[in-house]
Every structure is written in structure tokens, then in C-alpha cells.
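Here is the naming used below: chain letters follow the sequence lines, and residue numbers restart at 1 for every chain. Every heavy atom of this structure was used, including side-chain atoms; hydrogens, water molecules and symmetry mates were not.
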Amino acid sequence: MVSSPMLRFTIRRVFLGALTLLAVCVIVFAATQILPGDAARAVLGRNATPERLMEIRAQLQLDRPMIIQFWSWFSGILTGDPGQSLVNGMRVIDIVYPRAVNSAVLLVLTFLASVPLSIALGVIAALYVGRVVDTSLSVIALALAALPEFVVGILLILLLSTSLFHIFPAVSLVPPGSSVLQNPIILVMPVLTLSVVCFPYLFRMTRSAVLEVLASEYIEMARLKGISTLRLVFLHALPNALAPVVQVVALTLAYLAGGVVLVEFVFGYPGIGQGLLDAVVARDIPVIQLTVLLLATVYVLLNLVADLIAMLLTPKMSARQWQTT
Amino acid sequence: MANDLISKNRSGSGYALWRRMSELKAGLVGLAIGLIIIGGALIGPLLATVSPTDFVGAPFDPPSQDAMLGTDFMGRDVLSRVLHGGTQILGLSALATVIGVLIGTLLGIVGGYLKGRTDDIIMRLLDVAMAFPQTVLALLFISIVGPKSWLIAILVAAIHIPQVARVMRSVALRVSEEDYIRYAEAIGVSMTRIITREILPNLTAPLMVELGLRFTYSIALIAGLGFLGLMADPSIPDWGMMVNENRIGLLSNAWAVATPVLILAVLTIGTNIFADSLGRSNRGMPSGPADDPKDDEKLSAGKTLETNSDNAAGEIRG
């Protein structure tokens with residue numbers, strides 16, 4: 001029975017994911033409760049008038065027991081009505097949704113740009129292991145892995161958007177009402193930055209996975225039979241190196257769910273990360289809550305996907321190992 | 001056992017020896033780069049001839065005789081602010097690294113040595129902690145509580161704990177199987193003594209790697225927070241904050257942005273090279289983290305990329 005431990009693992013993993021999401025909800029909610037003093041006063045700051053205070057208190061339902069507050073917020077999230085912004089009274093979902101779409105555009109383009117390139121370079125490095133190509137790519141990856149996201153972004157701006165080469169706009173300004181897709185040029189710098197940030201992880205994982213496969217006996221056998229390098233890579237090496245690679249792709253995307261915050265801030269890109277920072281400055285709690293929750297959901301789901309893909313692609317794993325994971 | 005023989009064989013060959021030495025050399029270069037910048041940041045405030053808060057000219061003046069790197073967005077001396085700007089970042093990073101690695105190592109050793117139920121509970125808790133998007137949650141707390149230095153140090157340390165604990169557990173697990181540990185147990189040495197006197201000294205090498213890695217990561221996180229304007233005291237000059245403050249004047253005085261960015265880049269690259277080459281040279285040593293054939297399985301089982309020292313600072317930052 002191969003499927004039974006797999007099934008058990010899947011159920012356990014999905015259950016853990018759901019539990020994590022619930023825990024995130026509780027933490028996100030609880031975080032607003034630890035605001036020193038009255039949350040309404042903290043939100044309004046110096047603009048607090050008695051009327052506004054009453055209004056915000058009613059809106060935050062501060063007069064009701066905490067568990068009821070949590071439930072009304074939580075059920076609002078589940079039914080797609082997470083409340084209104086404290087700053088301008090707009091529905092939170094109308095603020096967060098368009099920004100989430102913009103961020104999704106960024107992530108998809110980054111995915112399309114960096115995954116094939118990084119994997120290809122990883123395979124090349126593995127094929128020419130120890131040679132100049134491999135050494136230089138590995139050194140570059142090691143250096144890039146160390147750099148903070150915003151440092152990568154600013155370095156690219158210094159290189160491509162200032163006096164040195166003035167090619168791409170340094171700021172991703174979008175006229176209100178128009179989509180980022182109508183101004184594709186502004187996507188170049190953020191996508192390039194995110195791709196550079198992702199490259200080391202994807203490259204290193206591909207390289208070491210392919211290296212491991214290339215060292216195996218059946219590859220040696222295929223080589224002795226005189227198979228061409230292309231066939232070797234595409235028919236034998238890559239398919240067997242796929243599990244860790246696909247997994248690191250999913251994990252990289254999950255990491256990007258947090259990484260976009262800084263990169264969007266570098267370029268003023270109208271995405272969810274920039275929106276989160278704006279909301280943090282304005283102390284717009286409902287917007288912060290929904291944004292954090294959304295990013296957390298993406299993160300948890302992609303981690304789940306990564307684990308399940310790894311399981312499906314490595315059937316040789318014994319049941320015992322899955323249980324201990 | 002066979003693996004031991006193979007790795008000993010490998011490290012004995014001329015090529016491997018050359019490789020190892022060249023890696024150590026790279027590590028020394030990394031270490032030197034890191035130490036130069038850290039040392040510069042520590043004595044920087046003594047070298048500065050102008051106060052970092054004095055106004056010495058118009059905003060974004062290009063470099064001149066008086067201000068070698070020009071002035072910033074408020075007309076303050078960029079050189080002086082750069083010299084002062086590392087103390088806070090490096091101090092907080094060091095603090096967060098030490099706290100995170102200390103607690104992570106303790107949890108890892110206790111889990112790896114005691115095994116059984118204690119280990120299970122610790123590992124489950126760490127799994128849950130790692131399933132959280134840590135950076136985003138850290139942002140949430142900073143936005144709610146406000147940017148306090150202690151909060152930043154604690155949050156960054158908390159982000160390190162699960163990952164450090166996993167690595168240290170896998171090493172401690174292996175060390176605790178050694179004969180001398182069995183012997184110590186048999187003659188009735190106390191648990192605390194076994195952990196502190198027998199296990200801990202054998203973890204020095206992976207501990208150094210973790211310290212290097214986590215320090216690199218701490219700097220990246222804390223500089224990022226400064227860049228976002230979330231540092232405790234905006235009046236303290238800070239490399240991350242400088243980048244953000246001065247980027248509107250990029251075309252007038254690019255040095256106000258380029259200097260702190262380049263310092264951060266060189267510093268993180270240096271510490272990462274150091275940690276990476278240390279991790280590589282540990283391989284083949286009895287307690288080196290990547291010498292375990294099981295690591296590859298773990299890697300494809302995919303809980304973490306941490307156990308493979310090939311991934312120095314290459315782990316996915318949640």
C-alpha cells in the first residue's frame with residue numbers, strides 16, 4: 001500500500017496548514033489588542049475628537065467582549081466582508097484587492113523570468129562543475145544571496161536608472177485608475193530586482209540536485225553508452241532532479257510573498273506591500289489585518305504545495321520518513 | 001561507515017586539499033572584509049570631524065573639499081553620517097544573532113540529545129513556527145507596538161530560532177550517538193555536564209557557521225527595517241535609513257545613497273563568504289553538518305534547506 005502513508009501525510013500536512021492559518025488569524029487579531037491604551041485613540045492620534053473616538057470605538061467594537069470581537073472579525077473575513085478602512089471609510093477589500101492584483105502580476109512575471117533562467121544556469125553549472133563557468137556563477141550566486149532585497153534594488157537603480165545608464169524609470173508610478181499592465185516599462189525594474197533576489201536559491205538548488213543525479217550509476221551507464229549531453233540532461237538528469245527544484249521554486253515564491261514588501265517600497269510600486277506600509281504609517285488596522293492575513297495565506301499555501309509536490313515526486317520515500325517529516 | 005572512509009579518502013586527495021585551502025582562503029578574505037567594516041563602524045564616530053547632525057551646506061551638495069561625500073537631504077555631512085551609521089545596525093544585529101543562536105542551539109541540543117517525547121514536542125513547535133510568514137508578522141508587530149530597539153532585536157532573534165535549532169539538533173543527534181557519550185552516561189555523568197562538557201564543544205564548528213549566517217541575515221533584516229523607516233530613533237544615523245532619506249536626491253548627490261548601499265553590500269557579502277567557506281571546510285569533519293548522507297534525503301523530503309551547508313545564507317528567508 002503506497003498510497004496510504006502518502007494520504008496520511010497529505011491529510012496531516014493540510015491539517016497543519018489550516019491550523020497555522022487559524023493561528024495567524026488569532027495572532028493578527030491579538031496584535032491589535034496589545035495596542036497600548038485605547039485602540040481608537042491610538043488610531044486617531046492627535047486628530048482625536050470625542051465624536052470620532054465614539055465612531056471608531058463602535059467600528060472596532062471595542063465595547064464588546066474580546067471573543068465576540070474576534071468572531072465578528074473572523075466571520076467577516078470568511079464571508080468576504082472584512083470591514084472598512086479607518087482612514088477613508090472605503091471597504092477594506094476594495095483597497096486591498098487591486099493592490100493584490102498588481103503584486104500578483106509582479107510575482108507571476110518574476111516567476112516567468114527567473115525560474116527558467118536560474119534552472120538553465122544551474123544545469124549548465126552542474127554540467128561544467130569546477131570549470132570557470134561553474135565557479136563564476138557560484139561566486140555570483142553566493143554574493144547575491146547575501147544582499148538585502150533593497151540593496152539589490154538600489155544598486156540596480158544606480159546602475160540602470162541614473163546617470164550611468166538611464167534606461168528604465170526608477171519609480172513605478174501608475175496614474176490613478178490605470179493598470180500596471182498598461183505601463184509595462186515600470187514593471188521592468190521591480191521584476192528584475194525580484195528575479196535577482198530569487199536567482200541564488202533556484203540556481204544553487206538546481207545545481208546541487210543535478211550534480212547529485214549526475215553522480216549516480218545510471219547516468220554513468222548512459223554516458224558510457226554514448227548518449228548526447230542534451231538527451232542526458234533532458235531525459236535523465238532533469239526529471240530526476242525535479243523534486244527538490246520544484247520544491248525550491250514553490251518556497252521561493254512563498255518567500256517572495258514577504259519580499260515584495262521591501263521591493264515595492266523601493267520602486268513605489270502600487271502593490272500589496274506598499275499598501276501594507278502605507279496602512280502601517282496611517283495605523284489603518286483593518287487594512288493591516290487583511291493584508292497580513294492575505295500574505296500569510298499565500299505563504300502557508302505555497303509551503304503546503306511545496307511539501308505535497310515533493311511527496312508526489314519522491315515516491316521512493318518510505319512511509320516512516322513521511323511520518324517523521 | 002563506508003561514508004566515513006570515502007570522505008576521509010576524498011579529503012586526503014590533492015585536489016580536495018587544494019579546494020579546502022582555497023575555500024579557507026576565501027573564508028579569510030570574507031572575514032577580513034567583515035572585520036574591516038565592523039571595525040570601521042565601531043571607531044567611525046571617533047574619526048568623524050563633523051557632527052552627523054550639524055548642517056554643513058545646502059541639501060544634496062555634491063562632494064567638495066569640506067564634505068568629501070557631499071551633503072544629505074538636510075544638508076548634513078554624508079561622510080560623518082556614514083561613519084556614525086553602523087553602530088546601531090551592527091549592535092542590534094549582533095544582539096539578535098547571539099540571542100537567536102543561543103536559544104536555537106539550546107533547543108536543538110536538548111531535542112537531539114534527549115530524543116523521544118521532548119524532541120517530538122520541540123520539533124513540532126518549530127515546524128509550526130516555521131510555517132509562519134515571519135517577516136510579515138514582524139512588520140505587523142513593529143507597526144502595532146511601534147519601532148522599539150528591544151522589539152526589533154527580539155523579533156529578529158525569534159526568526160532565527162527555529163532554523164538554528166533544526167541545524168543544531170541534527171548535529172547533536174549524531175554526536176550523542178558517539179561512544180564517549182555512551183561511556184559518560186554509563187559512568188553516571190550528569191546530563192547538564194554531558195551537554196555542556198561533551199556535546200557543546202563538538203558543536204563549535206557548526207555553531208560558528210550559524211553565527212556567521214545569522215549575522216548576515218540579521219544585518220539584512222535590520223538594514224531593511226531602517227530603510228523602511230522603522231528604526232527606533234530617526235535622529236540616530238543609520239545606513240539603511242540613509243538610503244531611503246537620500247534617494248530623492250540621487251541625481252544631485254548619488255554618494256549619499258551609494259556609500260551606505262555599497263557598505264551594506266560589501267559587509268553582507270563578506271560575512272556570507274566567511275560563513276559559506278566555514279561550512280564547506282567543516283565537511284569531512286566528524287561533526288560537520290553536511291557529512292551526513294541522510295541530509296540529502298532530508299533535503300528532498302523538503303522540510304528545510306538548512307541542513308545542507310551548500311546553502312549558506314541560501315536558505316529561503318521567510
Under 3.5 Å, sequence neighbours excluded: what are the donor-acceptor pairs made by side chains of residues 218-231 of chain B?
residue, atom, partner, partner atom, Å
B:S218, OG, B:T97, OG1, 3.0
B:S218, OG, B:H160, NE2, 2.7
B:S218, OG, B:R214, O, 2.8

[X] versus chain B, heavy atoms under 4.5 Å apart: side chain, backbone, both or neither?
X	value
A:L276	side chain
A:A23	both
A:A306	neither

Taking C-beta and beyond as the side chain, do A:L155 and B:L262 meet within less than 4.5 Å on heavy atoms?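 Touching, per the 4.5 Å side-chain cut-off.
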How long is the straight-line distance from CG of A:L142 back to CD1 of B:I269, given to the nearest 0.5 Å?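 Spacing of CD1 (B:I269) from CG (A:L142) equals 8.5 Å.
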For B:T268 against A:P148, the heavy-atom pair lying closest together: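 That would be OG1-CD, 3.9 Å.
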Quick one: closest heavy-atom pair of B:R247 and A:V266, and the distance?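 In terms of heavy atoms, the two residues are closest at NH1-O, 2.5 Å.
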Side chain, backbone, both or neither: which part of [X] has a non-hydrogen atom closer than 4.5 Å to chain A?
X	result
B:D120	neither
B:V243	side chain
B:I142	neither

What residue among A:L294, A:V28, A:L295 forms side chain to side chain contact (heavy atoms under 4.5 Å, CB included) with B:V136?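 It is A:L295, the one option of A:L294, A:V28, A:L295 that forms the side chain to side chain contact (heavy atoms under 4.5 Å, CB included) with B:V136.
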Only one of A:I288, A:T291, A:V261 forms a side chain to side chain contact (heavy atoms under 4.5 Å, CB included) with B:L139, so which one is it?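 For B:L139, the side chain to side chain contact (heavy atoms under 4.5 Å, CB included) check succeeds only for A:V261.
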Under the criterion side chain to side chain contact (heavy atoms under 4.5 Å, CB included), I'd like the reasoning laid out for A:F265 against B:N244: C-alpha separation, chi angles, the key distance, then a yes or no. CA-CA 10 Å; A:F265 182 67; B:N244 188 36; 3.7 Å; yes
So which of A:A141, A:G273, A:A279, A:A296 has the largest heavy-atom pair count under 4.5 angstrom toward chain B?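 Most pairs with chain B among the choices: A:A296.
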